[in-house]
There are 2 protein chains.
Amino acid sequence: MFLRIRDDLAKRIDKQQFESGSRLPSERLLAQEYKVSRMTLRQATTLLVNQGKLLRKPGSGTYVSAQNNEVSENLKGVTSFTQIMRSQGKTAKTKFIFLKRHQPSLIEASNLEISRDQDVITMERVRYGDDEPIAYEITTVPVALVGNITRNEMAGGLYQYLEEKGFRFGKAIQEFSALVPNVNICKRLDLTNGQAALFLRQTSYLTDGKPFEFVQTYYAGDRYRVYLQRE
Amino acid sequence: MFLRIRDDLAKRIDKQQFESGSRLPSERLLAQEYKVSRMTLRQATTLLVNQGKLLRKPGSGTYVSAQNNEVSENLKGVTSFTQIMRSQGKTAKTKFIFLKRHQPSLIEASNLEISRDQDVITMERVRYGDDEPIAYEITTVPVALVGNITRNEMAGGLYQYLEEKGFRFGKAIQEFSALVPNVNICKRLDLTNGQAALFLRQTSYLTDGKPFEFVQTYYAGDRYRVYLQRE
DNA sequence: TAGTGGTCTAGACCACTAT
DNA sequence: TAGTGGTCTAGACCACTAT
């Protein structure tokens with residue numbers, strides 16, 4: 001129930017039915033409109049407040065955030081390359097390099113919490129913003145969980161594919177560091193030898209705590225930034 | 001009320017009164033113990049779930065996370081070098097390089113939201129884990145806000161100094177990228193020429209939205225990682 | 001002074017887990 | 001089948017804002 005209300009409110013904000021900066025109807029009114037209790041309505045708006053889309057001013061009202069969209073977009077965006085590019089007015093493009101089924105490396109197995117004799121599928125891709133290479137992405141998923149996914153299913157959107165299979169996504173753990181990539185990746189990213197890359201390792205989990213993907217990404221250091229907001 | 005319960009539960013977890021991995025008393029029991037309604041008790045535990053300290057398994061119970069402490073420590077730790085080192089069993093040391101009062105650069109002025117004729121104070125330091133250099137930190141604060149802070153006050157803990165002056169801290173925005181630092185910083189960090197550094201820019205704000213510090217940090221790429229948890 | 005968000009209560013029913 | 005977390009209700013009082 002409260003998730004449906006959240007989605008509906010988010011839509012109304014995106015459609016500018018609630019204008020940026022304006023005050024929302026009071027919690028009591030909105031609860032009436034959605035025919036739920038005020039506590040339930042607050043569960044919905046709390047999610048939007050945490051996302052930065054709404055702003056609460058005690059004693060005054062609940063407001064549509066002015067521009068905070070940017071920050072929270074960037075926050076979410078780390079998991080969606082397409083979103084980041086779009087928010088910068090660029091078109092995300094992808095070049096498929098290869099997909100293969102194989103036994104996992106030590107680091108893949110430990111991050112996906114499987115043993116080394118359980119097969120995984122790895123896909124490598126270059127990500128572009130307009131026509132500039134931005135990132136080299138290596139995605140690994142366990143066969144035991146996702147089945148024998150095809151190239152098209154995987155490249156067409158792993159998340160969508162898994163969602164349709166009934167999986168629900170939970171937390172993700174990310175680890176950033178910096179390094180100078182190997183020659184092959186430097187070439188793919190148009191990096192002069194010796195230029196730095198932001199290196200991200202991400203493990204994503206289902207709601208039951210099972211890891212379903214392990215992604216290693218090299219971002220061209222001079223063309224990419226990660227924004228985060230604390231508190 | 002629910003904040004007090006959260007703090008109390010957190011203490012009991014830290015004291016291992018609730019052991020790592022074990023099941024907590026049910027929400028109904030804990031609510032009884034704290035003499036609050038179940039909804040209020042859930043407000044408290046929800047905060048700990050979001051922090052990663054607790055784990056809910058519907059139909060089964062609420063559990064103390066096994067090791068997830070690391071992650072949330074790392075999350076907080078990004079703003080406190082000392083904490084990160086301690087969590088890795090290392091001792092944080094600091095070497096003071098210099099402190100000077102000067103007119104801000106363009107980037108300093110814009111991040112601190114001041115004009116270029118308003119003085120700032122900049123401090124540069126090397127941060128060590130045990131005896132290994134980990135980070136080169138450049139901290140800039142506006143004189144108009146913090147006054148003519150001395151070297152000891154600033155190096156002894158800017159946050160403590162400001163807190164004593166009655167300031168309250170709000171959000172912080174961080175931006176990560178990767179680069180190869182200049183020769184001077186490479187030397188300070190014992191980096192061979194050409195090694196990469198994780199570059200962090202952070203602007204920290206007071207509760208009223210005024211920026212009070214702008215920090216630029218170069219982390220030795222091979223000796224430092226930033227961990228984040230999403231959702 | 002009327003209206004707002006912040007918090008809390010004391011229940012209720014549900015799907016699920018563990019046995 | 002008993003117990004658990006997930007969600008929801010229909011109220012209530014509070015401090016605060018806006019006027």
Side-chain angles (χ1 to χ4, degrees), chain A residues 1-10 12-13 18-19 21-66 68 166-171 205-210 231, chain B residues 1-9 12-13 18-19 21-66 68 168 170 207-209 231:
Chain A
M1 193 70 235
F2 72 88
L3 290 177
R4 261 180 277 163
I5 297 176
R6 176 201 60 180
D7 293 341
D8 189 65
L9 286 173
R12 289 165 80 174
I13 291 168
F18 297 131
E19 274 173 46
S22 71
R23 198 174 72 175
L24 239 55
S26 79
E27 296 179 347
R28 286 160 180 85
L29 271 174
L30 282 174
Q32 226 171 31
E33 182 184 331
Y34 284 109
K35 293 180 183 169
V36 294
S37 72
R38 198 176 141 222
M39 288 294 275
T40 302
L41 189 274
R42 271 179 70 84
Q43 273 192 79
T45 52
T46 296
L47 293 174
L48 295 169
V49 168
N50 291 342
Q51 252 184 61
K53 289 209 169 189
L54 293 180
L55 203 67
R56 286 192 184 129
K57 295 193 185 175
S60 167
T62 305
Y63 297 80
V64 180
S65 297
N68 300 22
F167 290 113
R168 284 173 59 200
F169 309 125
K171 67 173 182 182
Y205 299 80
L206 299 173
T207 43
D208 62 5
K210 214 176 278 178
E231 258 165 288
Chain B
M1 195 69 235
F2 72 89
L3 290 176
R4 262 181 276 164
I5 297 176
R6 176 201 59 181
D7 293 342
D8 188 66
L9 286 173
R12 290 167 79 176
I13 291 168
F18 296 131
E19 276 174 45
S22 71
R23 199 175 72 175
L24 239 57
S26 80
E27 296 179 346
R28 286 162 182 86
L29 271 175
L30 281 174
Q32 225 170 32
E33 181 185 332
Y34 285 111
K35 291 180 183 166
V36 295
S37 71
R38 196 175 142 223
M39 287 294 276
T40 302
L41 188 274
R42 271 180 70 85
Q43 273 191 78
T45 52
T46 296
L47 294 174
L48 295 170
V49 168
N50 291 342
Q51 252 184 61
K53 289 209 171 192
L54 292 180
L55 202 69
R56 287 191 184 130
K57 294 193 185 175
S60 166
T62 306
Y63 296 81
V64 179
S65 297
N68 299 22
R168 285 172 58 202
T207 43
D208 63 4
E231 255 165 289

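In what follows, chains are A, B, ... by sequence order, proteins preceding strands, each numbered from 1. Quick caveat, the model's predicted, so the values are computed rather than measured.
- Relative to the side chain of B/R56, the nucleotides D/dG5, C/dT9, C/dG6 differ in distance, and D/dG5 lies closest.
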I'd like to know whether A/T40 forms a side chain to side chain contact (heavy atoms under 4.5 Å, CB included) with A/Y34, so could you lay out the CA-CA distance, the side-chain angles of the two residues, the decisive distance to 0.1 Å, and finally the verdict.
CA-CA 10 Å; A/T40 302; A/Y34 284 109; over 6 Å; no
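- For the pair B/Q43 CD and D/dG5 P, the computed distance is 17 Å after rounding to whole Å.
- One finds a side-chain N or O of B/T40 lying less than 4.0 angstrom from the OP1 or OP2 phosphate oxygen of C/dT9.
- In this structure the side chain of B/R56 reaches within 4.5 angstrom of the side chain of B/R42, judged on heavy atoms.
- Nucleotide D/dA10: paired with C/dT9 (Watson-Crick or G-U wobble, both distances less than 3.5 Å).
- DNA chain C is contacted by both A/M39 and A/S60; A/S60 maps to the nucleotide lying nearer its 5′ end (nearest heavy atom per residue).
- In this structure, the side chain of B/R23 engages the main chain of B/S60 through a donor-acceptor pair within 3.5 Å.
- One atom, NZ of A/K35, and another, P of D/dT9, lie 13 Å apart when rounded to the nearest Å.
- Side-chain nitrogen and oxygen atoms of A/S26 include at least one within less than 4.0 Å of the OP1 or OP2 phosphate oxygen of C/dT4.
- A/R42 has a side-chain polar atom (N or O) that falls below the 4.0 Å cut-off from OP1 or OP2 of C/dG6.
- The partner of C/dC16 is D/dG3, by the rule that a Watson-Crick or G-U pair needs both atom distances under 3.5 Å.
- When the side-chain nitrogen and oxygen atoms of A/T62 are compared with OP1 and OP2 of C/dT4, none of them lie within a distance under 4.0 Å.
- Between the P atom of D/dC8 and the OH atom of A/Y34 lies a distance of 14 Å, rounded to the nearest Å.
- At whole-Å resolution of the value, CZ in A/R38 and P in C/dT9 are 15 Å apart.
- Remark: P of C/dG6 and CZ of B/F2 are 10 Å apart, rounded to the nearest angstrom.
- Taking atom CD of B/E27 as the reference point, atom P of C/dG11 lies 17 Å away to the nearest angstrom.
- Place A/K57 and A/M1 on DNA chain D by their nearest nucleotides, and A/M1 ends up nearer the 5' end.
- Annotation: cation-pi geometry not satisfied between A/K210 and A/Y205 (NZ/CZ under 6.0 angstrom from ring centroid, within 45° of ring axis).
- C/dG3 atom C1' lies 14 Å from atom CD of A/Q32, rounded to whole Å.
- In this entry the distance linking CG of B/L41 with P of D/dT7 reads 16 Å, nearest Å.
- Considering every non-hydrogen atom in both B/A31 and B/L41, the closest pair reads N-CG, 3.8 Å.
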